[in-house]
Amino acid sequence: MLEDWRISDRVLQIQKSAIHEMTRLSKEIDDVAFLSWAKPTSDTPEHIKKAAIDSIKNGKVGGYSENKGLLELRKEISKKLKRDNNIDSVPSQIVATIGAVEGLSAAIMALIDPGDEVILPSPTYSTHIRQVVLASGKPVLVPTVEEKEFDLDLDAIKKSINSKTKAIMYCSPSNPTGTVFSEKTLRELADIALENDLMVITDEAYEYFTYDGHRHFSIGSIPEMKKNAVSCFTFTKSYAMTGWRIGYLHADEALIPQISKAHIPFAICATVVSQYAALAALRGSQDCIKDFRNHYLSARNLMCKRLDELDSVFDYQKPRGSYLMFPRILLDEGSDSTTFCKKLLKEAKVSTTPGIAFGPTGEKHLRLSFCVTEEMINKAFDRMERYFK
Ligand SMILES: Cc1ncc(COP(=O)(O)O)c(C=O)c1O
C-alpha cells in the first residue's frame with residue numbers, strides 16, 4: 001500500500017491508539033461494561049469548579065498568562081513539591097503545562113535529538129512511546145520483571161545503554177501495571193543515570209494512589225539528580241480534572257528556558273481558567289485525594305477477588321498503585337490480545353484494553369481499569385464468568 005505522501009514519517013510511524021479504538025468500538029455496543037479507560041469517573045470537586053467560575057466572572061482569564069504559568073500557581077506548586085515529593089524548588093523551576101502529557105512532550109522535544117535513544121521500562125504508557133517517536137528519537141523498550149510485580153530490571157537497563165542513549169523515561173505508579181517503583185530501586189536507577197550522564201523523565205500522574213504501605217518516591221528529590229531529572233505531574237488524577245488539561249513539570253532552572261522553547265509553540269501557556277482551578281485545588285481541602293484513594297483501594301480489592309475466581313483465564317500481579325492492572329491471559333487465544341479484547345467486547349459486552357497497546361511485552365495481557373464503580377466491576381466479571389464457563 002502506498003503511504004499518503006502528505007504525512008510526515010514521524011506521524012506515519014505512530015500506530016492508532018488501541019485505547020481510543022476500543023472506546024470507539026465500545027460506543028457501538030449497548031450497555032457495555034467498561035473497564036478500558038484510565039479516567040476518574042468522579043466529577044471535579046465543587047470548590048475547584050467555583051474558583052474557575054469566579055475567575056471567569058472576575059475577568060481574569062481572557063488573556064495569556066506568563067508562558068510558565070501564573071506566578072501564584074507556581075508558588076503553590078513549589079510548596080506542594082516540598083510537602084508531598086520532598087523536592088526543593090523555586091517557581092522559576094516550574095512550568096504549568098496542558099496536563100502531564102504536554103509537559104512530557106515539551107521535555108522530550110527539549111532533550112531528545114533525532115536518533116537519540118530513550119529507555120522505557122516496558123510495558124508502559126503508550127503515549128510515552130509516541131512522544132519519543134514524534135521527537136524522532138528511538139524508544140528502547142526494556143522489559144520489566146513480571147514475576148516481581150513488573151519491577152524494573154536494572155541489569156537489563158544497564159545493558160541497553162550505549163553512546164546514543166540520552167534518557168530514561170518511566171511512570172510510577174505505573175500505567176498499565178500498577179507497579180510502584182521503590183525508593184531503593186529508584187536510587188539505584190539514579191546512580192545508573194548519573195554514571196552515564198542520562199536524563200530521567202518521570203511521569204508521576206498517579207503519585208497519590210499507592211496501597212498496602214507502598215510509597216511514592218520522586219527521583220527528582222535526590223539532590224544529585226538536580227541537573228538530570230525532569231519530573232512531570234498533573235491535576236488530572238488527583239483532583240478528577242481530566243478535561244481541564246492542567247499539569248506541571250519541575251526541572252533544573254537552566255533547563256526551563258529551553259523546555260519553554262518547546263512548550264510555547266504547542267501551547268503559549270497552559271489554559272488560564274484551568275490554572276485558577278488548579279490554584280484552588282492546591283489551596284483547598286485535600287480530602288478528595290483521600291476519598292479517591294479509598295475508593296480505588298476497595299475497587300482494586302474487589303477486582304482482585306473477582307480475578308481469583310477466574311484463575312483458569314487470568315493470572316495477575318496485585319497492583320501496588322495507580323488504578324490499573326495488567327493480568328496475563330492464560331488461554332491460547334490471549335496470544336493475540338487485540339483479537340481477544342475485541343471478541344470479549346463483542347460477545348461478552350466487556351470493554352478492556354489489549355496489552356499490545358503498551359509495547360510488545362504487553363502481548364498476552366489486557367489492561368483493566370478499576371477507577372469505576374463496584375457495580376461496574378461486578379457487572380463486567382459476572383459477564384466474564386458466564387462467558388468463560
Ligand atoms: C501515566 C499517565 N500519564 C499521563 C496521563 C494523562 O495525564 P494528563 O491528563 O495530565 O495529560 C495518563 C492518563 O491516563 C496516564 O495514565
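Note that ligands are numbered from 1 as they come in the structure, with each ligand's atoms numbered from 1 the same way.
Of all the heavy atoms of T236, the ones lying under 4.0 Å from any atom of ligand 1 belong exclusively to the side chain.
Residue-ligand proximity, K237 to ligand 1, at heavy-atom distances under 4.0 Å covers atoms 12 (C), 13 (C), 14 (O). Every atom of ligand 1 is numbered from 1 in the order shown, and the set under 4.0 Å from a heavy atom of V101 is 6 (C), 11 (O). The distance from ligand 1 to the heavy atoms of G99 drops below 4.0 Å at these ligand atoms: 8 (P), 10 (O), 11 (O). Less than 4.0 angstrom separates some heavy atom of N175 from each of these atoms of ligand 1: 1 (C), 15 (C), 16 (O). Numbered from 1 in the order shown, with element, the atoms of ligand 1 that lie under 4.0 Å from a heavy atom of T234 read 8 (P), 10 (O).
Residues T185 and S182 bring a donor and an acceptor atom of their side chains to less than 3.5 Å of each other. No donor-acceptor contact under 3.5 angstrom links the side chains of S36 and T353, judged on distance only.
Closest heavy-atom approach to atom 2 (C) of ligand 1 among the candidates D203, T97, L324: D203.
Ligand 1 has no nitrogen or oxygen under 3.5 angstrom from a nitrogen or oxygen of T242. Backbone and side-chain nitrogen or oxygen atoms of H128 are examined, and none is located within less than 3.5 angstrom of a nitrogen or oxygen of ligand 1. The shortest N or O to N or O distance between A100 and ligand 1 is below 3.5 Å. Not a single N or O atom of A205, backbone or side chain, sits closer than 3.5 Å to an N or O atom of ligand 1.
Taking 4.0 Å as the cut-off, Y206 counts as a neighbour of ligand 1 on heavy-atom distance.
Ring geometry, F388 versus F340: the interplanar angle falls under 30°, so the pair is classed parallel (tilted spans 30 to 60°). Classified by interplanar angle (parallel below 30°, tilted 30° to 60°, perpendicular above 60°), the ring pair H365/F326 is parallel. Under the 30°/60° scheme for interplanar angles, the aromatic rings of Y248 and F233 are found to lie parallel.
In this structure, H263 contributes its side chain and N67 its backbone to a donor-acceptor pair below 3.5 Å. Not a single donor-acceptor pair under 3.5 Å links the side chain of S218 to the backbone N or O of S221.
Here the side chains of Q317 and T177 are not in contact, with every heavy-atom distance at 4.5 Å or above. Between R320 and P173 there is no side-chain heavy-atom pair separated by less than 4.5 Å.
Looking at atom 12 (C) of ligand 1, its nearest protein heavy atom turns out to be Y125 OH, 3.3 Å. Summary of contacts: the protein heavy atom closest to atom 11 (O) of ligand 1 is R245 NH2, 2.8 Å.
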